[in-house]
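Along the sequence shown, residues carry numbers from 1.
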Amino acid sequence: MAAQPTEPIVLDPTGADHHGEHRQLRAHGAAVRVDILGVTAWSITDPDVLKRLLKSKDVSKDGRAHWPDFQDVVQTWPLALWVGVQNMFTAYGADHRRLRRLVGPALSARRVDDLAGVVENIVAHLLDDIEALPEEVIDLRERLAYPLPIAVIGHLMGVPVDQREGFRAIVDGVFDTTLSAQEQEVNTSRLYAALDGLIAARRAEPGDDMTSLLIAARDEEGDGGGLSGAELRDTLLLMISAGYETTVNVIDQAVSLLLTHPEQLAHVRAGRADWSDVVEETLRLEPAVKHLPLRFAVTDVTLPDGQTIARGEAILASYAAANRHPRWHDDADTFDIRRPEQDHLAFGHGIHFCLGAPLARLEVAISLRMLFTRFPELHLAVPAGQLEPLGSLISNGHRQLPVRCRLTGPRRT
């Protein structure tokens, strides 16, 4: 068993050096205690152990039922929303199956396939707008990575166009781990007000969107049926936030990786790899979510190295650290889109595997294909080392992604 620190490792809320931090976590073995904004949890970085725990009935996401500290923590913890929501993200057992069954049809293979044309149309308009910009340097995160997922999830969920930017701002706050508990409380209040407004709008004028379908299930069956009032709001919160923020980051990371690894982009252009290979390797190397709070031990859980996670203790799924575990992948820190083994945990594992994974993959692959076709000379406008990470230990992206669409001078990568 690797040596354990005497005190929990304090995770940096700004995520300034997450790769170095993840190496530090892995150095202590499969699991190590960490401090995540004042809460102690077991960070799991060994992919085999993590996959086992994610599939185990001995591990729950329901803090109300399985975390003795729940009531005290949610009063003051900045990440209280991550454990306090009532939707399939935090559900356990039969409740999880019930909620997942209600949401599943919105993200069925047929519905996702039908969205391909919608995604292509949105990307085409965004690229038209980019091409028409007078400035030489543009922020591609702002101009493409942000608006595409907002438009797609807005279409899917029936969010009016004039409300989408408002949702963007408050969802960004959910993932910002530099905010204080008071700032997060204000952001959460704004978020629920926006959700209540969406529910009222779709109840008054229902359409062929997932929000209207969920409202109909709620109104027809009442609190004893498909969804409680809290579950309705929190399910909309989950679908909008998970369907937006994570896809923004994958587009951002994929573009930056291709622009700093031109030999990999050349593989795609020569037909030696395709855009789906780029998507999967990006998800492995730079997953949209670094750490996902929280899970809880339903009973004492003995790990292969002899350590025990005691009943009621919190567990942090450290996906980004696990994805780069050297025992799982050769040259794990290298961006290689022709890697023979593309497995990763970017979308989770087991019963909580992300329902939106096919849609995210579709959006990223289409946006990359159309972007690099329209702008074959696309390149970074700053040295790669100047790209600043988001202020988050959860969300994995850049504050900005400045690029030039055409060559105007020597490349700077």
Side-chain angles (χ1 to χ4, degrees), residues 15-16 18-19 119-152 165 168 172 244-279 281-283 285-288 334-338 360 362-392 395-413:
H18 59 277
H19 295 312
V119 174
E120 289 181 344
N121 186 56
I122 294 169
V123 173
H125 281 90
L126 291 172
L127 296 182
D128 288 344
D129 291 343
I130 289 172
E131 194 162 23
L133 291 171
E135 56 262 37
E136 179 183 327
V137 176
I138 65 163
D139 178 2
L140 201 65
R141 185 175 172 96
E142 183 69 25
R143 293 292 184 174
L144 176 64
Y146 265 127
L148 171 61
I150 291 174
V152 173
E165 279 298 311
R168 166 189 163 173
D172 283 350
Y244 148 61
E245 177 78 15
T246 53
T247 307
V248 174
N249 287 336
V250 183
I251 295 172
D252 169 353
Q253 293 286 7
V255 172
S256 63
L257 285 168
L258 287 171
L259 295 183
T260 52
H261 297 80
E263 77 288 353
Q264 299 298 312
L265 181 56
H267 287 319
V268 180
R269 287 176 167 158
R272 295 186 293 269
D274 58 32
W275 294 113
S276 66
D277 294 319
V278 177
V279 174
E281 179 65 351
T282 300
L283 289 165
L285 193 72
E286 295 288 359
T334 300
F335 181 58
D336 180 6
I337 65 172
R338 296 201 297 170
L362 178 78
E363 289 182 58
V364 180
I366 289 175
S367 62
L368 293 176
R369 170 176 56 80
M370 296 181 68
L371 172 68
F372 284 94
T373 299
R374 177 77 71 94
F375 302 115
E377 296 178 334
L378 188 75
H379 59 286
L380 285 178
V382 299
Q386 292 183 15
L387 297 176
E388 297 182 34
L390 291 172
S392 178
S395 195
N396 186 24
H398 301 104
R399 293 184 185 277
Q400 295 178 321
L401 186 58
V403 300
R404 287 186 174 91
C405 294
R406 296 172 184 83
L407 291 178
T408 56
R411 293 176 184 251
R412 300 169 63 191
T413 59

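- In this structure, CG in Leu380 is found 8.0 Å from CG in Leu378, a value given to the nearest 0.5 Å.
- Across all their heavy atoms, Ile130 and Leu144 have their closest contact at CD1-CB, 4.4 Å.
- The line from CG of Leu265 to CG of Leu257 is 11.5 Å long, rounded to the nearest 0.5 Å.
- Neither side chain, His398 nor Gln386, offers a donor N or O lying under 3.5 Å from an acceptor on the other.
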Practice item. Quick one: do Val248 and Arg168 satisfy side-chain contact (heavy atoms from CB on, under 4.5 Å)? Show the steps, please. Key: CA-CA 11 Å; Val248 174; Arg168 166 189 163 173; over 6 Å; no

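- Taking OG1 of Thr260 as the start and NE2 of His379 as the end, the distance is 14.0 Å to the nearest 0.5 Å.
- Proximity of Asp128 to Arg374: side-chain heavy atoms (C-beta onward) are separated by under 4.5 Å at one or more points.
- At a threshold of 4.0 Å, the pair Glu263-Arg338 does not count as salt-bridged, since none of the basic side-chain nitrogens sits closer than that to a carboxylate oxygen.
- Side-chain atoms of Gln400 never come within 3.5 Å of backbone atoms of Asp139 as a donor-acceptor pair (strictly under, hydrogens ignored).
- Remark: of the listed residues Val403, Leu140, Leu401, Leu401 is the sole one forming a side-chain contact (heavy atoms from CB on, under 4.5 Å) with Ser256.
- Between the CZ atom in Phe335 and the CD atom in Glu286 there is a gap of 9.5 Å [rounded to 0.5 Å].
- With contacts defined as side-chain heavy-atom distances shorter than 4.5 Å, the pair Asn396/Gln253 qualifies.
- Considering CG of Leu258 and NE2 of His267, their distance stands at 11.0 Å, rounded to 0.5 Å.
- Of all the heavy atoms in Thr373 and Pro376, the pair that sits closest is O-CD, 3.7 Å.
- Within the 4.5 Å cutoff, side-chain heavy atoms of Thr247 are placed close to those of Ile251.
- Annotation for Pro149 and Tyr244: closest pair CB-O, 3.8 Å, computed over non-hydrogen atoms.
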Exercise for review: Report the C-alpha separation of Glu363 and Val123 in whole Å, then their side-chain angles, then the decisive distance to 0.1 Å, and conclude whether the side-chain contact (heavy atoms from CB on, under 4.5 Å) test is met.
Suggested key: CA-CA 9 Å; Glu363 289 182 58; Val123 173; over 6 Å; no

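- To the nearest 0.5 Å, atom CZ of residue Arg143 and atom CD of residue Glu135 are 6.0 Å apart.
- Of all heavy-atom pairs spanning Asn249 and Ser395, the tightest one is ND2-OG, 2.6 Å.
- Cation-pi check for Arg141 over Tyr146 is met; the charged atom lies under 6.0 angstrom from the ring centroid and within 45 degrees of its normal.
- The shortest heavy-atom contact between Asp277 and Ile337 is CB-O, 3.3 Å.
- Ion pairing of Arg369 with Asp274 is absent here, as no side-chain N (NZ or NE/NH1/NH2) approaches a carboxylate O to less than 4.0 Å.
- Arg406 pairs with exactly one of Glu136, Glu377, Glu131 by the salt bridge (charged side-chain N to carboxylate O under 4.0 Å, His left out) rule, that one being Glu131.
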Point to revise | Val268 vs Phe372, side-chain contact (heavy atoms from CB on, under 4.5 Å): CA-CA, chis, key distance, verdict | key: CA-CA 10 Å; Val268 180; Phe372 284 94; over 6 Å; no

